[in-house]
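So the structure is just underneath, and the comments pick up after that.
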Amino acid sequence: MLEIKNLKKSYDGVTILHDINLAIDDGEIVSILGPSGCGKTTLLNLVLGLADADEGEILFQGENVLNVPMEQRGFNIVFQDYALFPNLNVYKNITYGLRNNPSISTRQEVEDLIDLLGLREHLDKKIEQLSGGQKQRVALARTMVMKPKILLLDEPLSALDGVIKESIKAKIKQIARDYHLTTIIVTHDPEEALTLSDKVLIIQNGTISQYGKPDDIIQKPENDFVKEFILNQLLIKKNNIFTLFRQGNEPKIAAQVG
Ligand SMILES: Nc1ncnc2c1ncn2[C@@H]1O[C@H](COP(=O)(O)OP(=O)(O)OP(=O)(O)O)[C@@H](O)[C@H]1O
Ligand SMILES: [Mg+2]
C-alpha cells in the first residue's frame, strides 16, 4: 500500500500542495485529475522522488520513503514526451535500463512485454519511424522491463486520439492487472480518468476535492467543483457518456448536473 500523509509542497514561498492525504492499495489504478496548474505533476514528482516535500510522509508498504533517493524507491515514470533515445532502435530503447542491470528482467520477460505491447514488428525501427501510439508503447515497455514497484504515468494519452487512445488505455489496464502493479496516472481529462481507473483523485488548487471510485464521483459529487469541472465536461462529450453509465442511471446523473 502507498499512503500519503499530510504532504505539503511549496515553491518560492507559494504553497502548491496543501495537505494531501490518501491511500492506494497494491495493484490499484488511480488517476490524478484536475485543471492545469493544480499540482498534478508536482504530486507525481514527490511520489517519484524527483522533488522534495516540505512536510508529510510517503509510506510504501509501511516504510517512509520521503528521504529515500529516487533510484532506491524503485518507482518508475513514463514522461509525457516519452523521452526515448532517437539514435537507438526500438529494441535497444526497451532494454536500455537493463544494460548495467541485466538480471532485473529475464530474456523471456522482455519478450513477453514486447508481445503484450504489440511491438515485435517494430523492434528494428528508429524512434522517428513510429507513430505516437507506438512511441507510447515503447516508453511503457522500457519502463516495465525495470519492474517498477509503482508505475507513474504523466498524461500518457494526451497526445493520442481515437482508436489508438483506446488501445493504449486497454494496454495500461492489462499491465496493471497482469503485473498487479500500482499505477498512478495524471490526466486533465475526466472521461479518461473515470473510464481508466479504480479510483480518481480530483485536485483543485493543491487541495483534494474528492477521492473515490468513478461511480461514487459520478453519483455523489461532494462539492460544486467536482460537479462543474467533472460532470459538465463529461456532458459536453455526450456521445461518450453512455459508456460510463452501464447501470442504466443516466437520468439521475443528468438531474444532478442540471
Ligand atoms: N520547479 C518549480 N518551480 C516553481 N514553481 C513550480 C515548479 N513546478 C511547478 N511549479 C508551479 O506549481 C504549480 C503546479 O504545477 P504542476 O506542474 O504540478 O501543475 P499540473 O497540475 O501538472 O498542470 P498541467 O496540467 O498544466 O501539467 C504551478 O503553478 C507551477 O507554476
Ligand atoms: Mg502537469
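Note that ligands are numbered from 1 as they come in the structure, with each ligand's atoms numbered from 1 the same way.
A salt bridge does not link K171 with D178: none of the charged nitrogens is closer than 4.0 Å to a carboxylate oxygen.
When hydrophobic side chains of Ile, Leu, Val, Met, Phe, Trp and Tyr are connected at separations under 4.5 Å, V163 ends up as a singleton with no cluster partners.
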Discussion item. Apply side chain to side chain donor-acceptor pair (under 3.5 Å) to residues T143 and N76 and explain how you reach the verdict.
Written reply: CA-CA 6 Å; T143 302; N76 213 330; 4.6 Å; no
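Protein heavy atoms all stay at least 4.0 Å away from atom 30 (C) of ligand 1.
Ligand-side atoms of ligand 1 in range of I16: 11 (C), 12 (O), 13 (C), 14 (C), range being under 4.0 angstrom from any heavy atom. Those atoms of ligand 1 that come under 4.0 Å of a heavy atom in G39, given as number and element, are 14 (C), 18 (O), 19 (O), 20 (P), 21 (O).
Comparing T42, L46, L33 against atom 16 (P) of ligand 1, the shortest heavy-atom distance belongs to T42.
Annotation: atom 6 (C) of ligand 1 to nearest protein heavy atom, Y11 CD1, 3.2 Å. Looking at atom 25 (O) of ligand 1, its nearest protein heavy atom turns out to be K40 NZ, 2.7 Å. In terms of protein heavy-atom proximity, atom 17 (O) of ligand 1 is closest to T41 CB, 3.7 Å. Scanning all protein heavy atoms for the shortest distance to atom 23 (O) of ligand 1 gives G37 N, 2.8 Å. In terms of protein heavy-atom proximity, atom 26 (O) of ligand 1 is nearest to S36 OG, 2.6 Å.
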